[in-house]
A.B. asks: 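This is the structure I want to talk about, given as structure tokens.
Since this is a predicted model, take the numbers as computed values, not measurements. When a ligand or atom number is given, it counts from 1 through the structure's own listing order.
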Amino acid sequence: MTLAIDGGTPLRSRPFTPWPPKPTAEQRSALLDVLDSGAWGSTAGTRVQDFAAQFAERHEARYGIPVSNGTLGLLAALRAVGVRRDDEVIIPPFTFVATASSVLLAGAVPVFADVDPETMMLDPEAVAACVTDRTKAVVPVHLAGGAADIDAIRAAIPDRVRIVEDAAQAHGAALRGRTIGAIGDIGSFSFQSSKNMTAGEGGMLVTNDEDCYRAAWSAANVGRAPGGGWYEHPAVGWNLRLTEFQAALLTDQLGRLDELNARRDHGARVLAKRLADEVEGIRVLLDPDGTTTHARHLALLRFDPAAFGGVDKGRLAALAGAEGIPLSSGYPLLHKDAAIRAEAARIVDTECPVAESAGPLTVWLPQTVLLSAEEDLADVVAVFVKIQRALT
Ligand SMILES: *Cc1c(COP(=O)(O)O)cnc(C)c1O
């Protein structure tokens, strides 16, 4: 069979499940209510505030702070735990660029700690080895919707070092039965278009710590204090607010989060089993240690180039893409990124050998595939078989 990239017929031409899902009647009427009310911003309406309370409760947190997106949410969270110019913040090298760019925006220095090869998330021992007197915070990323092991990271670092969870991909995920987000000091979620809950853009911080709440709220509300005066700005902050339109779209999604997480999880398990049974040299990195609920934003796949004629991940993604499968070649590693190094006030060089060996062998499928029916997942498996036969 000629590969589609060489002019053959693509194995699949139908799209996978669209995202975001079809709007509900509740979303439509809530949006129109906001429109007609004239209370479009959260300083005029109550929907954002109500949604923040519900979102925080779902994430076992006392406080929810709405923000305009996940990148600026991380900035506000870093500021809230006291990160300032020249402080060091430990992050993984295999993550979306915003985990690093938010650290730079705070004027701080990103320090990259190596990852665990089976999860691509921070390795607690590597984190411990990166701690210095200038370390202010660690940002574990709940990658792909799995739970980073906050317990193990907490145990590996001094008490004075704070934990900011990057939960942009992990709405509703749980670590040893506890919902992630506010297990550390504060956590940041995203509602950007691709994420498991979305309003096109948007974000939310959650925390159980009152001081963190007050500082993060202030950072997102032009330096005001909660309950303080309109033109009183005891701290420096920015306008990072969410709109009432966004809350109108998100409130109803919170009610469907568990159902969609379960559907994505089922899809990931079916795919993992079929790949294990039917294709050599590619597998799903399924269940990180300690993850008791997985949000399945992505299905991380580990492949052996030798089983696919020596291709690199970019070529594998292009081959699968031509066959109609939205396989992503995934993140480039950030620890040697030229733009990040040019922006950093100071460079702290660290070794990340695991990320360097495992990163190029890690690709992923998006949630649109995981939400699809079993016959759609069968096409994914068939495409890997087709590519493998053509190349070996
Ligand atoms: C999406 C994402 C962000 C940034 O969120 P935005 O809302 O797009 O700014 C940060 N970190 C991770 C891991 C993400 O996936």
A.B. asks: Pull out every atom of ligand 1 sitting under 4.0 Å from any heavy atom of Gln192, numbered as shown with elements.
C.D. replies: 7 (O), 8 (O)
A.B. asks: Do Ser372 and Thr17 pair up side chain to side chain, a donor and an acceptor below 3.5 Å, judged on atom types alone?
C.D. replies: yes
A.B. asks: Are any of the N/O atoms in Lys195 less than 3.5 Å from those in ligand 1?
C.D. replies: yes
A.B. asks: Any idea which atoms of ligand 1 are less than 4.0 Å away from a heavy-atom of Val141?
C.D. replies: 13 (C)
A.B. asks: How far is atom 9 (O) of ligand 1 from its nearest protein heavy atom, and which residue and atom name does that atom have?
C.D. replies: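 Its nearest protein heavy-atom neighbour is Thr71 OG1, 2.5 Å.
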A.B. asks: Can you find an N or O of Asp166 that's nearer than 3.5 Å to an N or O of ligand 1?
C.D. replies: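 By distance alone, the answer is yes.
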A.B. asks: Suppose we measure from atom 6 (P) of ligand 1 to each protein heavy atom; which comes out shortest, and what is that distance?
C.D. replies: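 Scanning the protein heavy atoms, the shortest distance from atom 6 (P) of ligand 1 goes to Gly70 N, 3.4 Å.
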A.B. asks: Suppose I only count heavy atoms of Thr95 and a 4.0 Å limit; which atoms of ligand 1 are within that range?
C.D. replies: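 Contacts of ligand 1 toward Thr95, numbered from 1: 13 (C).
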A.B. asks: Is the Tyr331 ring parallel, tilted or perpendicular to the Phe96 ring (thresholds 30°, 60°)?
C.D. replies: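 Because their plane-to-plane angle lies in the 30° to 60° range, the rings of Tyr331 and Phe96 count as tilted.
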A.B. asks: Taking only heavy atoms of Asn69, which atoms of ligand 1 are found under 4.0 Å from at least one of them?
C.D. replies: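 Reading through ligand 1 atom by atom, the close ones are 7 (O), 9 (O).
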A.B. asks: Name the closest protein heavy atom to atom 15 (O) of ligand 1, giving the residue it belongs to and the distance to 0.1 Å.
C.D. replies: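 For atom 15 (O) of ligand 1, the nearest protein heavy atom comes out as Gln169 NE2, 2.9 Å.
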A.B. asks: Would Asp151 and Arg178 satisfy salt bridge (Lys or Arg N to Asp or Glu O under 4.0 Å), going step by step from the backbone distance to the final call?
C.D. replies: CA-CA 11 Å; Asp151 299 327; Arg178 281 174 304 156; 2.6 Å; yes
A.B. asks: For Ser42 and Arg241, which heavy atoms make the closest approach, and how far apart are they?
C.D. replies: OG-CD, 3.5 Å
A.B. asks: Can you tell me how far NZ of Lys313 sits from CZ of Arg302, rounded to the nearest 0.5 angstrom?
C.D. replies: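 Reported value, rounded in 0.5 Å steps: 10.0 Å.
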A.B. asks: Establish, from distance only, whether the side-chain atoms of His294 and Asp265 form a donor-acceptor pair under 3.5 Å.
C.D. replies: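 Looking only at side-chain atoms, Asp265 and His294 do not form any donor-acceptor pair under 3.5 Å.
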A.B. asks: Should the heavy atoms of other residues, nucleotides or ligands under 6.0 Å from CZ of Arg85 be counted, would the total exceed 12?
C.D. replies: no
